Student: 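Got a structure for you, questions after.
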Amino acid sequence: MVLVVKHAGIIKNDMVNGEGVSVSFWTQGCPHHCMGCHNPETWPWGGGIEKDIDEITEEIIQAIPENGIMRNFSILGGEPLCTPNIAAVDHIAKKVKEKYPDIKIY
């Protein structure tokens, strides 16, 4: 069974979200709609990019050590911990930590 996940994007060399250089993963969908949110485009559940969870996970895992630079991993939103996103976030975070136990996950 293929699990398709909607996400808002991946940045492979992010120096803003986390310590040092990180790979950043944005979930799609947020129920909070906070005033002043800097990512309101991530709010709609129908938006984002559809991709197989294993493809997303592999893309992130390959990007972490790319070009000899070890990156940390940042998970942002949308809302990563809301019900529609939590299973994908859990899956990705566990796979990243298995492969790179010493990096920080934000």
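Here the structure is a predicted model, which is why all the values come from computation and not from measurement. No hydrogens, no waters, no symmetry mates; every other heavy atom, side chains included, goes into these values.
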Student: Any non-hydrogen side-chain atom of Ile105 less than 4.5 Å from a side-chain atom of Asn72?
Tutor: no
Student: Are Cys37 and Trp43 side-chain neighbours, meaning at least one heavy-atom pair lies under 4.5 Å?
Tutor: yes
Student: With a 4.5 Å limit on heavy-atom distance, are the side chains of Asn85 and Trp45 in contact?
Tutor: yes
Student: Can you confirm whether more than 12 heavy atoms, excluding those of His38, are under 6.0 Å from its NE2 atom?
Tutor: no
Student: Measuring only between side-chain heavy atoms, which start at C-beta, is Glu58 closer than 4.5 Å to Glu55?
Tutor: no
Student: Are Ile60 and Leu3 connected in the hydrophobic side-chain network, where two residues link if heavy atoms are under 4.5 Å apart?
Tutor: yes
Student: Determine, stepwise, if the pair Met70 / Tyr100 fulfils side chain to side chain contact (heavy atoms under 4.5 Å, CB included).
Tutor: CA-CA 9 Å; Met70 189 55 83; Tyr100 306 109; 4.0 Å; yes
Student: What closest approach, in Å, do Thr57 and His91 show between heavy atoms, and which atom pair accounts for it?
Tutor: OG1-CD2, 3.5 Å
Student: May I have the step-by-step check of side chain to side chain contact (heavy atoms under 4.5 Å, CB included) for Ile92 and Phe25, ending in yes or no?
Tutor: CA-CA 10 Å; Ile92 294 167; Phe25 171 72; 3.9 Å; yes
Student: Would you mind writing out the side-chain donor-acceptor pairs for residues 7-21 within the sub-3.5 Å range, not counting sequence neighbours?
Tutor:
| unit_1 | atom_1 | unit_2 | atom_2 | d |
| --- | --- | --- | --- | --- |
| His7 | ND1 | Ile49 | O | 3.3 |
| Asn13 | OD1 | Arg71 | NE | 2.9 |
| Asn13 | OD1 | Arg71 | NH2 | 2.6 |
| Asp14 | OD1 | Val16 | N | 2.8 |
| Asp14 | OD1 | Asn17 | N | 3.3 |
| Asp14 | OD2 | Asn17 | ND2 | 2.9 |
| Asp14 | OD2 | Ser24 | OG | 2.7 |
| Glu19 | OE1 | Lys104 | NZ | 3.3 |
| Glu19 | OE2 | Lys104 | NZ | 2.8 |

Student: About how many Å separate OG of Ser22 and OH of Tyr106, when rounded to the nearest 0.5 Å?
Tutor: 6.0 Å
Student: Is there a continuous path of hydrophobic side-chain contacts, each under 4.5 Å between heavy atoms, that joins Val23 to Leu76?
Tutor: no
Student: Flag yes if Trp26 and Ile86 sit in one hydrophobic cluster, no otherwise; membership is Ile, Leu, Val, Met, Phe, Trp, Tyr, and two members link when side-chain heavy atoms are under 4.5 Å apart.
Tutor: no
Student: Identify, with sequence neighbours excluded, every residue that meets side-chain contact (heavy atoms from CB on, under 4.5 Å) alongside His32.
Tutor: Cys30, Cys34, Glu79
Student: Is any side-chain heavy atom of Val96 closer than 4.5 Å to a side-chain heavy atom of Glu98?
Tutor: no
Student: Do other residues, nucleotides or ligands put more than 12 heavy atoms under 6.0 Å from the NZ atom of Lys97?
Tutor: yes
Student: Please report the closest heavy-atom contact between Gly77 and Asn39, naming both atoms and the distance.
Tutor: O-ND2, 3.3 Å
Student: Under 4.5 Å between any side-chain heavy atoms of Thr27 and Thr42, yes or no?
Tutor: no
Student: Should Lys51 and Glu59 count as an ion pair when the cut-off is N to O under 4.0 Å?
Tutor: yes
Student: With side-chain hydrogen bond (donor to acceptor under 3.5 Å, both in side chains) as the criterion, how do Gln62 and Glu66 come out once you've worked through the C-alpha distance, each side chain's angles and the decisive distance to 0.1 Å?
Tutor: CA-CA 7 Å; Gln62 287 182 11; Glu66 199 167 79; over 6 Å; no
Student: Do Ile103 and Val89 share a hydrophobic cluster, counting only Ile, Leu, Val, Met, Phe, Trp and Tyr and linking them when any side-chain heavy atoms are less than 4.5 Å apart?
Tutor: yes
Student: Under the 3.5 angstrom rule, does the side chain of Asp52 hit a backbone N or O of Asp54 as a donor-acceptor pair?
Tutor: yes
